[in-house]
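Below you'll find the structure, written out as structure tokens, and then a few comments.
Order of appearance sets the numbers: ligands from 1, and atoms from 1 within every ligand.
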Amino acid sequence: MTQIRELQAPTLPRSLWAATAVAPKRFDALEDDIATEVAVVGGGFTGLSTALHLSERGIDVAVIEAAEPGWGASGRNGGQVIPGLKYDPDELEAMFGADLGGRMAKAAGEAPDVVFDIVARYGLDCEADRRGWIQAAFGRKSLETLTRRARQWQARGVAARALDGAEATRLIGGKGYVGGWADPRGGGLQPLSYARELARVAAGNGARIFAATPATKLSRSAKGWRVETPGGSVTAATVILATNGYTDALWPGLERSVIPVYSFQIATVPLSENLRRTVLPEGHVVSDSRRLLRYFRLDSHGRLLMGGRSPFTDRPTFEDGRTLKGWIEEMFPQLGDVEMEYVWSGRVAVTADHLPHLNALAPGVYAALGFNGRGVAMTTQMGRILADLASGTPAEELPFPVTSVQPIRFHGFYRPVLEGLVRYYRLRDRWEAAKTA
Ligand SMILES: Cc1cc2nc3c(=O)[nH]c(=O)nc-3n(C[C@H](O)[C@H](O)[C@H](O)COP(=O)(O)OP(=O)(O)OC[C@H]3O[C@@H](n4cnc5c(N)ncnc54)[C@H](O)[C@@H]3O)c2cc1C
């Protein structure tokens with residue numbers, strides 16, 4: 001029986017990360033009825049960080065993952081460890097008040113510290129490299145926004161610096177940007193290795209992790225909640241749903257509170273030593289200010305990764321990747337007709353307010369989702385916040401508002417709406433670039 005279910009569990013798609021990650025620790029499917037203090041559904045960064053932080057406090061926790069740890073966006077992303085949220089610190093304070101807004105900005109700004117601290121404390125083998133994140137401006141208007149952003153973080157003690165066009169071009173080693181800002185809090189890692197390593201150390205602390213175990217039903221029980229799976233069940237006082245872009249119908253309405261959007265990437269073959277020195281010479285990871293953003297970095301073997309919004313598919317082809325290859329040719333002409341080695345994609349969850357949501361669904365049931373494509377650091381931080389919540393910290397003391405779930409109106413029509421928005425954003429990006437040229 002176990003074997004059949006494991007064969008049916010979704011397999012990890014081919015990607016650079018799947019090909020180069022540390023070997024996974026083996027986790028079996030759940031084959032029993034078990035009880036625990038906290039049950040976590042979803043074995044991405046959010047669920048695994050929650051489990052790690054709970055296990056560090058000696059709280060009994062079980063993670064139920066439909067495929068394997070890191071199977072979702074966590075094992076497929078750009079591996080860019082990015083501080084902050086879509087909104088700048090001043091905006092968060094204006095939106096949520098000085099106290100809560102200030103705590104949100106602080107928590108999001110410090111999120112990379114949580115990642116790199118876990119990596120250092122446990123000695124995680126995940127190619128972590130903290131040499132800063134650049135947000136590059138492709139037009140004059142966005143340069144003003146990014147310069148303001150750098151100033152706001154400087155005012156909060158961060159050694160952020162605004163970049164003019166010459167400095168951005170030098171640090172990127174490529175064309176197309178008129179400036180930006182550099183933030184030393186950011187960096188890069190191998191995301192699938194990070195997920196596997198989080199699972200390994202959480203399990204080492206006593207967390208129970210089950211792979212190939214989809215949660216199929218969640219209902220009240222005498223002892224709190226019961227999560228049913230094909231091979232057994234988990235009873236727990238507290239349940240945390242950490243399913244982000246892969247959220248299904250397990251909790252009514254939750255799926256409709258986010259829009260699943262695909263993002264995809266290509267990786268080139270490793271560049272020669274000479275060429276490698278010309279691209280991102282100081283080791284930054286980069287995303288830009290386009291509404292349809294581009295993000296890029298080198299991996300630790302000198303491959304150039306380029307990412308952007310994807311067609312609606314979990315298995316993009318090299319033909320799909322040609323758009324991203326075109327961006328590489330345009331931005332890094334010194335690379336010539338460089339060969340693509342990998343193309344892959346994954347789902348991010350976008351929210352209507354562009355902020356991650358920490359939802360209280362019922363007494364003892366919480367969800368954290370909607371990381372809007374910027375979740376490597378923020379999910380890890382959110383795991384810590386969820387662990388606080390599950391171990392009794394009052395909601396009002398957390399650095400994030402705990403809200404009820406808000407399904408998006410007309411959610412059923414999201415695909416045509418999204419396709420329209422993509423066309424509109426593409427035009428706006430072109431217009432801003434044309435005005436700058
Ligand atoms: C191509 C791409 C590039 C990205 N690049 C970056 C980047 O460079 N920097 C950055 O900060 N962010 C990036 N992101 C976003 C980031 O990867 C996500 O925000 C983050 O990984 C979300 O983590 P998560 O744990 O919440 O969700 P996921 O990692 O998606 O995990 C959710 C898990 O839930 C499981 N699941 C769902 N339903 C069930 C169920 N019923 N029972 C059991 N298990 C279930 C799924 O199998 C899945 O493994 C990128 C995303 C993509 C797709």
Side-chain angles (χ1 to χ4, degrees), residues 9-10 12-13 15-17 29-30 39-51 63-85 108 111-112 115 133 186-189 191-192 194-195 198-199 210-218 227-230 234 240-251 254-255 258 260-266 285-287 293 295-297 305-310 314 316 324 343-350 356-357 367-383 386:
L12 204 58
S15 74
L16 165 65
W17 306 131
L30 180 65
V40 176
V41 178
F45 299 148
T46 305
L48 295 169
S49 170
T50 306
V63 178
I64 301 157
E65 164 54 48
E68 62 179 278
W71 176 86
S74 297
R76 311 187 204 184
N77 57 66
Q80 299 198 12
V81 184
I82 299 174
L85 297 165
V115 173
W133 169 60
L189 46 68
L192 183 58
Y194 177 53
L198 281 177
F210 299 98
T213 302
T216 51
K217 191 173 171 199
L218 177 54
V227 187
E228 286 174 42
T229 79
V234 183
I240 289 170
L241 306 184
T243 48
N244 205 45
Y246 297 89
T247 299
D248 55 19
L250 192 63
W251 189 270
L254 189 62
E255 198 178 6
V258 292
V261 172
Y262 284 97
S263 182
F264 84 141
Q265 288 171 93
I266 59 169
V285 299
V286 185
S287 32
L293 99 163
Y295 51 96
F296 49 95
R297 58 170 288 195
L305 280 70
M306 177 65 72
R309 215 202 79 79
S310 157
D314 222 21
L324 305 190
V343 53
W344 72 99
S345 75
R347 271 194 224 167
V348 304
V350 172
H357 292 172
L369 74 174
F371 293 95
N372 292 278
R374 196 191 267 203
V376 175
M378 198 55 222
T379 51
T380 309
Q381 174 70 293
M382 189 60 90
L386 286 161

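No N or O atom of Trp71 sits closer than 3.5 Å to an N or O atom of ligand 1. Taking distance alone, with nitrogen or oxygen atoms compared against 3.5 Å, Ala66 approaches ligand 1 more closely than that limit. Looking at ligand 1, you won't find any N or O of Gly47 less than 3.5 Å from one of its N or O atoms. Here's the thing with Phe45: one of its N/O atoms is less than 3.5 angstrom from an N/O atom of ligand 1. Considering backbone and side-chain N/O atoms, Ala73 comes within less than 3.5 Å of an N/O atom of ligand 1. Every N/O-N/O distance between Phe264 and ligand 1 stays at or above 3.5 Å.
Within ligand 1, counting atoms from 1 as listed, the ones closer than 4.0 Å to a heavy atom of Val376 are 9 (N), 10 (C), 11 (O), 12 (N). For ligand 1, the atoms closer than 4.0 angstrom to any heavy atom of Val348 are 51 (C), 52 (C), 53 (C). Less than 4.0 angstrom separates some heavy atom of Pro214 from each of these atoms of ligand 1: 42 (N), 43 (C). Listed by number with element, the atoms of ligand 1 under 4.0 angstrom from any heavy atom of Ser263 are 1 (C), 2 (C). Atoms of ligand 1 lying under 4.0 Å from any heavy atom of Arg374, numbered from 1 in the order shown and given with element: 10 (C), 11 (O), 12 (N). Numbered from 1 in the order shown, with element, the atoms of ligand 1 that lie under 4.0 Å from a heavy atom of Ile64 read 43 (C), 44 (N). Remark: ligand 1 atoms within the under-4.0 Å shell around heavy atoms of Gly78 are 3 (C), 4 (C), 5 (N), 6 (C), 7 (C), 8 (O). The distance from ligand 1 to the heavy atoms of Ala242 drops below 4.0 Å at these ligand atoms: 32 (C), 34 (O).
No side-chain heavy atom of Thr213 sits less than 4.5 Å from a side-chain heavy atom of Glu65. Side-chain atoms of Thr380 and Tyr194, non-hydrogen and from C-beta on, do get closer than 4.5 Å to each other. Between Pro356 and Leu369, the closest side-chain pair of non-hydrogen atoms is not below 4.5 Å. Taking the side chain as every heavy atom from C-beta outward, Phe45 and Pro191 approach each other to under 4.5 Å. Contact of the Val286 side chain with the Arg297 side chain is not registered, since no non-hydrogen atoms from C-beta on lie closer than 4.5 Å.
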Note to self: Ser74 vs Thr379, test: side chain to side chain contact (heavy atoms under 4.5 Å, CB included). Steps then yes/no.
What the structure shows: CA-CA 9 Å; Ser74 297; Thr379 51; 5.6 Å; no

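With a 4.0 Å heavy-atom cut-off, ligand 1 is reached by no atom of Tyr262. With a heavy-atom cut-off of 4.0 Å, Gln265 touches ligand 1 through its side chain alone. Residue contacts with ligand 1 for Tyr246 involve both N, CA, C or O and side-chain atoms from C-beta outward (heavy atoms, distance under 4.0 Å). Contact annotation: for Thr243 versus ligand 1, heavy atoms closer than 4.0 Å belong to both the backbone and the side chain. The side chain of Asp248, and not its backbone, has at least one atom closer than 4.0 Å to an atom of ligand 1 (non-hydrogen atoms only; side chain from C-beta on). Contact annotation for Thr379 and ligand 1: only side-chain heavy atoms (C-beta onward) come within less than 4.0 Å of the ligand.
Annotation: atom 29 (O) of ligand 1 to nearest protein heavy atom, Ser74 OG, 2.5 Å. The protein atom (non-hydrogen) at minimum distance from atom 33 (C) of ligand 1 is Glu65 OE1, 3.6 Å. Nearest protein neighbour of atom 13 (C) of ligand 1, counting heavy atoms only, is Gly373 O, 3.2 Å. The protein atom (non-hydrogen) at minimum distance from atom 31 (O) of ligand 1 is Gly44 CA, 3.7 Å. Given atom 50 (C) of ligand 1, the protein heavy atom at minimum distance is Asn77 CB, 3.2 Å. Shortest contact from atom 8 (O) of ligand 1 to any protein heavy atom: Gln80 N, 3.1 Å. Of all protein heavy atoms, the one lying nearest to atom 27 (O) of ligand 1 is Asn244 CB, 3.3 Å. In terms of protein heavy atoms, atom 12 (N) of ligand 1 is closest to Gly375 N, 3.0 Å.
Remark: Glu68 CD to Leu12 CG distance equals 5.0 Å, nearest 0.5 Å.
Residue pairs meeting the side chain to side chain donor-acceptor pair (under 3.5 Å) criterion with at least one member in residues 39-50, sequence neighbours excluded: Ser49-His53.
The shortest separation from a heavy atom of Thr213 to ligand 1 is under 4.0 Å, placing the residue in contact. Not a single heavy atom of Gly307 sits closer than 4.0 Å to an atom of ligand 1. Remark: distances from the non-hydrogen atoms of Ser345 to ligand 1 are all 4.0 Å or more.
When the side chain to side chain donor-acceptor pair (under 3.5 Å) test is applied to Asp314, the partners found at least two apart in sequence or on another chain are Arg76.
When each of Val40, Thr216, Ile64 is paired with Val227, the side-chain contact (heavy atoms from CB on, under 4.5 Å) condition holds for Ile64 and for no other.
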